[in-house]
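First the proteins, then the strands, lettered A, B, ... as listed; each starts at 1. Keep in mind that this is a model prediction, so the values were computed, not measured.
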There are 2 protein chains.
Amino acid sequence: MLFTYLAASMSGNTRKEEIIMVASRLFKEKGYTAVTMRDIAQTMGIKAASLYNHISGKQELLSRLVLRLAEEFTKGMEAVQEQPGSEVSKIKRIIELHIDITVNASEALAALNNDWMHLEGEDLKRFVHMREAYEENFRSIIKKGIENGELQPHHPEVILFSILSTLRTLYIWYQKRGKLDVNVLKKDMVSVLLRGIV
Amino acid sequence: MLFTYLAASMSGNTRKEEIIMVASRLFKEKGYTAVTMRDIAQTMGIKAASLYNHISGKQELLSRLVLRLAEEFTKGMEAVQEQPGSEVSKIKRIIELHIDITVNASEALAALNNDWMHLEGEDLKRFVHMREAYEENFRSIIKKGIENGELQPHHPEVILFSILSTLRTLYIWYQKRGKLDVNVLKKDMVSVLLRGIV
DNA sequence: CTACAAAACTAACGTTTGTTAGTTAGAATC
DNA sequence: GATTCTAACTAACAAACGTTAGTTTTGTAG
C-alpha cells in the first residue's frame, strides 16, 4: 500500500506526531520562521518547554516534515520510471502522484515548498539533492517524449516548469475550493495540463 | 509607457529605493520573517539604525514592495478588460502581463507570493481585496470563454488555478534558467498554457 | 501501595529582534 | 562663515526567541 508511513504519521498516533501535525498547520499559515515554539505549544494546550519532552527542537519539526515528504516524491518517481509504457503515460502517473500526496499531506507540502531553505547542514544538502534528482528525472521523460513525437517540440524547460509549478501549488487550492473529488480532479488536471484549454 | 513607476523604483535612484531593492533580494532568498534589519543594513554596508533615517520600519519595506506590485497587476487587469476581442486573446494578454512584470520585478514577486500574509492592518485588507478581485476578473473571462465555446468545458476553477499558479511561480524559473528572450518566452508560455503539450 | 515512566509544569538563561535616542561628519545653501 | 540637511554612527532598550534545568503531576504495572 502506498503512503502507509505517510498515513500513519498523519493520523498522529503518538504525541510526537501530534506536535508535528500541529506544527505543519501553523507553518502553512505563517511560514517556519514566523511560527514560534510558544505558538505550537499554545495550539496544543501546553507550555513551550513541554514540547522538548518529545522533540529535540524546532529544526527537527521542519526536517521531519520536509524530508519525509521529499522521500515520498522520490519513491514515487522511481516507481514511475520502472513502469513500462509511453512517456505521456508516465507524465500522467506523475500528475496523479502529486495529487495523491496533496490530498494526504497538504499541510506538509507548504513547508516543503516554502521553508525547505531553512533546513540546516546535512538535511539541507539531502533535500536539495533529492529535489534536483526529481526534476532531472522529470526532464528526461519530457525530452524523450519530444524526441519520439509524443510531445510538442517546445523547450523542455518550459513544459517542465509549467506542469511542476501547477502541481506544487495545488495544495493551496485544494481545500480552499471545497475539496472536489480526487478522481475528478486527476482527470481534469491531466486533461488541462496535457491537452490545454482551447 | 507601462511600468514607468515600477521602472523608476527598480532603478533605485533614491537611497530609500536602494534599501527597498536590497530588502526584496533578501526577502526572496529567506522570506520576510527570516530577514533581519541587521541583514539588510549589512548588505548595504551600514548599521541597522541608519536604515531608520530613510524608512519608518520593516513593515514599510514589505508593504511598499507588495502593494506597489499588486497595483500593477490590478491596473493590468483593468486594461485587459477594457480591450475588445475574444476571451482567448484576453487570456493571452494576461499571460504577457505576468511575464512583463516578472521580467521587471522578479525579486518583489517573491514577497508578493510568499510574504503578503505578514502585512498588517489596512495594508493586509487592501491586498487581499485586490487579489480576490483579480482572481474574480480572471475567472469571469474564463467562464465567458467556456460559454461561447472558445475554451474546453472544464471546471473554470481548474483552468484558473493551473494558469495562475504557473504564472505566479515564473519568477523562480526565470533567471535560474539563463533568462531566455522575453518574446520567445511569451510565445512558448501562451502555446503551452492554451494548447497543451501533446 | 509502591515504583516507574510519561508528560506536564515553573523559572530562567543567553541571544536576537525591531526600534529609539542622541551624536557626528560632510555637503549644500544662505 | 554660519546654518541647515543628509546620512551615517554608537549605545541601548524592551520584547520575543529557542532552549535548558529541575520539579511536579498523572497514569499504569508489579
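- Atom pair A:Arg15:CZ and C:dA8:C1' shows a separation of 9 Å (rounding to whole Å applied).
- If you measure from atom CD1 of B:Ile40 to atom P of C:dG18, you get 8 Å, rounded to the nearest angstrom.
- Between the side chains of A:Asp188 and A:Ser191, no donor-acceptor pair is found at a separation under 3.5 Å.
- When distances are taken from the side chain of A:Lys58 to each of C:dT19, C:dC9, D:dG18, the shortest belongs to D:dG18.
- A donor-acceptor contact under 3.5 Å links the side chain of B:Asn53 to the base of D:dA8.
- Between A:Ser56 and A:Asp39, it is A:Asp39 whose nearest contact on DNA chain D lies nearer the 5' terminus.
- Between D:dT19, C:dC9, D:dA7, one nucleotide has an atom nearer to the side chain of A:Ile46 than all others, and that is C:dC9.
- Look at B:His54 and you won't find any side-chain N or O under 4.0 angstrom from OP1 or OP2 of D:dT6.
- Side-chain contact check for B:Arg64 versus B:Ile55: every heavy-atom pair is 4.5 Å or farther apart.
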Exercise for review: Would you please test B:His54 and B:Glu18 for side chain to side chain contact (heavy atoms under 4.5 Å, CB included) and show each step?
Suggested key: CA-CA 10 Å; B:His54 308 280; B:Glu18 272 186 61; over 6 Å; no
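- Nearest nucleotide to the side chain of B:Thr36, out of C:dA11, C:dG18, C:dA8: C:dG18.
- A close approach under 4.0 Å does not occur between any side-chain nitrogen or oxygen of B:Lys47 and OP1 or OP2 of D:dA8.
- The nearest whole Å value for the distance from the CD atom in B:Gln42 to the P atom in C:dT16 is 13 Å.
- Taking atom CD on B:Glu60 and atom P on C:dG18, their separation rounds to 15 Å, with Å as the unit.
- Checked by atom type and distance alone, the side chain of B:Lys92 never pairs as donor or acceptor with a backbone atom of B:Leu194 at under 3.5 Å.
- In this structure, the NZ atom of B:Lys16 is 14 Å from the P atom of D:dA8, given to the nearest Å.
- For C:dT19, neither phosphate oxygen OP1 nor OP2 lies less than 4.0 angstrom from any side-chain nitrogen or oxygen of B:Arg38.
- At the phosphate of C:dC9, OP1 or OP2 sits under 4.0 Å from a side-chain N or O atom of A:Ser50.
- Atom CG of B:Leu51 is separated from atom P of C:dG18 by 10 Å (rounded to the nearest Å).
- In this entry the distance linking CE of B:Met37 with P of D:dC9 reads 14 Å, nearest Å.
- Side chain to side chain, A:Thr36 and A:Asp39 meet the donor-acceptor criterion of an N or O pair below 3.5 Å.
- Taking atom OH on A:Tyr52 and atom P on C:dC9, their separation rounds to 15 Å, with Å as the unit.
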